[in-house]
Amino acid sequence: MVPTPLHFNSSIAAWTINKKIINISALCGKIIIMTKISVAKGDGIGPEIMDAVLSIFNAAKVPLEYEVIEMGKWVFDKGFSNGMTPQAQASIESLGILFKGPMETPKGKGVKSINVTARKTWNTYANKRAFQTLHGVDTVFSKAGIPIDITIVRENIEDTYGGIEHMLTHDVALSRRFITRPGSMQVIRYAFEMAKKKGARRITCGHKANIMKLTDGLFLEVFYEVAKEYPDLKADDIIVDDLCMKLVTRPDTFDVVVLTNLQGDIVSDLCAGLVGGLGFAPSANIGDHISIFEAVHGTAPDITGKNIANPTALLLSGIGMLQHLGLMESAATIENALLYTLESGVHTGDFGDKSKPSVSTTDFANAIINNFGKKPEHNPKPEVSDTENTCTVMHLDKNPMLESYEATQEKVVGVDMFVESANQPKDVAENCLKHTANMFNLVTISNRGTQVWPKGSVFTNLVNQYRCRFESIEGKALTQKDIIDLYERLTKDFKVCSLELLNEWNGIKGYSLAQGQ
Ligand code: NAI
């Protein structure tokens with residue numbers, strides 16, 4: 001692909017700077033600007049940990065007002081198929097910030113996770129998860145004196161998370177994996193900006209472009225395109241398996257890591273393990289319009305209703321939200337009190353010194369409140385002034401179209417026909433060759449991505465679905481009609497399960513080769 005600048009063709013009707021100011025009061029001579037956000041307490045332990053976090057926010061006089069909305073499993077059960085009421089959706093779309101507890105995905109086919117739906121519907125394209133050594137939370141690394149401060153930025157919309165899956169035959173399931181240039185550009189640009197603000201020394205792209213040359217290759221290409229705009233940041237890349245190995249041996253060498261969706265999901269849970277587990281893993285889903293702050297963990301049904309859940313991950317997510325809103329003073333006060341509390345050995349049942357009694361969720365929150373104004377010995381956060389809340393709410397009347405502009409020549413030069421057959425490769429080839437009509441060459445047949453015709457190995461195990469690649473003779477441009485005619489001819493001998501066009505841009509192939517081709 002030819003690297004070109006991105007041009008976002010977006011149909012945004014109007015923009016307004018949204019300070020979400022709902023109440024300005026002069027207390028003690030200080031003007032307090034209240035910001036209103038949507039809060040969904042969630043399912044399982046959600047209400048317990050959310051109440052604990054909000055009690056800390058209230059005690060710290062965080063200038064936020066909360067619109068509590070209906071979202072979660074119980075809303076699915078009331079008959080709302082996307083797990084939220086229309087009022088909840090309207091609240092989030094007008095306020096732009098959702099602070100949420102974990103939510104249960106009802107079991108059974110056809111019901112999508114509300115967490116994934118929310119992230120995708122509102123285009124929160126960057127999932128930021130910050131992992132740092134927390135003193136008082138023992139891990140092999142903290143005991144070895146190896147500090148960890150890693151931020152994972154995971155693409156949040158695309159990849160296999162589109163959930164676009166089909167059974168092609170009774171034996172063969174297919175998942176479509178979309179990686180797009182504009183989508184990659186959004187998340188990678190966010191990662192670089194965030195790394196710059198964080199004062200990071202290094203930003204790394206994790207990928208598997210050695211195998212997925214077009215999809216991960218595109219993500220990596222965009223990474224280095226954006227890197228040119230940040231010459232002061234050391235930008236490098238690493239294959240994701242090597243990244244996992246290095247994260248568990250030398251986590252202190254990483255700073256900001258950006259990855260595609262599925263790889264980012266796995267790597268970020270690995271990083272949660274490095275700092276003490278899911279109870280300490282916060283998450284921010286950042287979009288241009290709406291951002292969602294939540295813990296990484298789920299609803300913990302095994303401990304629900306017992307007032308023993310650890311609220312740290314949700315609290316850290318809340319602190320990230322305060323920073324996002326420019327409420328730096330409150331964020332620093334609460335974070336210092338949290339770090340001090342952890343250092344002093346106060347702990348819920350899931351972590352800490354087992355020889356000391358654990359405290360309840362409520363008592364853990366109260367301990368933090370009692371420690372306001374105290375500084376931890378390790379990594380105290382500097383008291384900084386609030387910054388301007390630059391969050392914007394866009395009022396849209398059309399869906400934004402993200403499009404990268406490329407002055408290129410596009411040509412269809414062939415087609416991959418995916419056909420069902422339990423016959424041997426040479427028989428499949430014979431049947432395909434009957435239908436080329438002096439217009440196509442049959443160039444390769446593969447099974448599960450491995451070439452089995454014209455050359456192959458009898459040791460390659462087969463399934464009942466082949467990919468037959470037809471290319472136009474001498475690279476002639478094909479029309480849609482040429483493809484449909486071939487499709488129709490092939491149906492005389494096969495069930496055609498699906499097809500993909502073979503596109504070329506400026507003579508560069510937009511498709512991969514089969515293994516062994
Ligand atoms: P989970 O994260 O809820 O629980 C895994 C284990 O970690 C359990 O033993 C649990 O007790 C423990 N745990 C989790 N959070 C804890 C906390 N704050 N304090 C102490 N211990 C904690 O994962 P699981 O069981 O796979 O999922 C349960 C439900 O949560 C499912 O319906 C799932 O779909 C949903 N879920 C929701 C998420 C979200 O809302 N973002 C994320 C992950 C899962």
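Given the structure is predicted, the values throughout are model-derived calculations rather than measurements. In each ligand, atom 1 is the first atom listed, and ligand 1 is the first ligand listed.
- Under the 3.5 Å distance criterion, with hydrogens and angles disregarded, a donor-acceptor pair is assigned to the side chains of K198 and T151.
- For the residue pair D237/H207, the side-chain donor-acceptor check at 3.5 Å is satisfied.
- Protein heavy atom nearest atom 5 (C) of ligand 1, with residue, atom name and distance: L278 CD1, 4.9 Å.
- A side-chain donor from one of T341 and N371 sits under 3.5 Å from a side-chain acceptor of the other.
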CA sep, side-chain torsions, deciding dist, call: N127, S283, side-chain hydrogen bond (donor to acceptor under 3.5 Å, both in side chains)
CA-CA 7 Å; N127 180 234; S283 156; 2.9 Å; yes

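- Proximity to N310 (heavy-atom distance under 4.0 Å) selects the following atoms of ligand 1: 17 (C), 18 (N), 19 (N), 20 (C).
- For atom 10 (C) of ligand 1, the nearest protein heavy atom (residue, atom name, distance) is D302 OD1, 3.4 Å.
- Of all atoms in ligand 1, listed by their number and element, those nearer than 4.0 Å to a heavy atom of K100 are 40 (O), 41 (N).
- Not one N or O on the side chain of S358 forms a donor-acceptor pair closer than 3.5 Å with the backbone of K354.
- Contact annotation for V296 and ligand 1: only backbone heavy atoms (N, CA, C, O) come within less than 4.0 Å of the ligand.
- At a heavy-atom cutoff of 4.0 Å, ligand 1 is contacted by the side chain of R119 but not by its backbone.
- With ligand atoms numbered from 1 in the order given, ligand 1 contributes 37 (C), 38 (C), 39 (C), 40 (O), 41 (N) to contacts under 4.0 Å with heavy atoms of N115.
- Below 3.5 Å of separation, one finds an N or O of H297 facing an N or O of ligand 1.
- For atom 36 (N) of ligand 1, a protein heavy-atom neighbour is found at a distance under 4.0 Å.
- At a cut-off of 3.5 Å, with distance as the only test, a side-chain donor of S38 or S91 sits close to an acceptor on the other residue.
- With a 4.0 Å cut-off on non-hydrogen atoms, T105 touches ligand 1 through its backbone as well as its side chain.
- Residue, atom and distance of the protein heavy atom nearest to atom 32 (O) of ligand 1 are E104 CG, 3.2 Å.
- Remark: the D171 side chain and the T169 side chain contain no N/O donor-acceptor pair separated by less than 3.5 Å.
- In this structure, H324 has its ring center under 6.0 Å from that of F293.
- Near D350, with a cut-off below 4.0 Å to any heavy atom, the atoms of ligand 1 are 20 (C).
- Annotation for ligand 1: atoms under 4.0 Å from non-hydrogen atoms of I303 are 11 (O), 20 (C), 21 (N).
- For atom 14 (C) of ligand 1, the nearest non-hydrogen atom from the set G279, G349, A300 belongs to A300.
- Less than 4.0 angstrom separates some heavy atom of E294 from each of these atoms of ligand 1: 41 (N).
- The distance criterion of under 3.5 Å between nitrogen or oxygen atoms is met by G298 with respect to ligand 1.
- E104 and W74 share no side-chain donor-acceptor pair at under 3.5 Å.
- Using bins of under 30°, 30° to 60° and over 60° for the plane-to-plane angle, the ring pair F351/F280 lands in the perpendicular bin.
- When only modelled atom types and interatomic distance are considered, T215 and R177 share a side-chain donor-acceptor pair under 3.5 Å.
- Less than 4.0 angstrom separates atom 24 (P) of ligand 1 from none of the non-hydrogen atoms of the protein.
- Backbone and side-chain nitrogen or oxygen atoms of I45 are examined, and none is located within less than 3.5 angstrom of a nitrogen or oxygen of ligand 1.
- For the 3.5 Å distance criterion, the side chains of Y125 and E158 fail to qualify, holding no donor opposite an acceptor.
- Looking at ligand 1, you'll find an N or O of M103 within less than 3.5 Å of one of its N or O atoms.
- Using a 4.0 Å cut-off between heavy atoms, T299 contacts ligand 1 through both its backbone and its side chain.
- Residue contacts with ligand 1 for P301 involve side-chain atoms from C-beta outward but no N, CA, C or O (heavy atoms, distance under 4.0 Å).
- Contact annotation for atom 27 (O) of ligand 1: protein absent (non-hydrogen atoms, distance under 4.0 Å).
- Panel note: side chain E294, backbone P102; no donor-acceptor pair is recorded below 3.5 Å.
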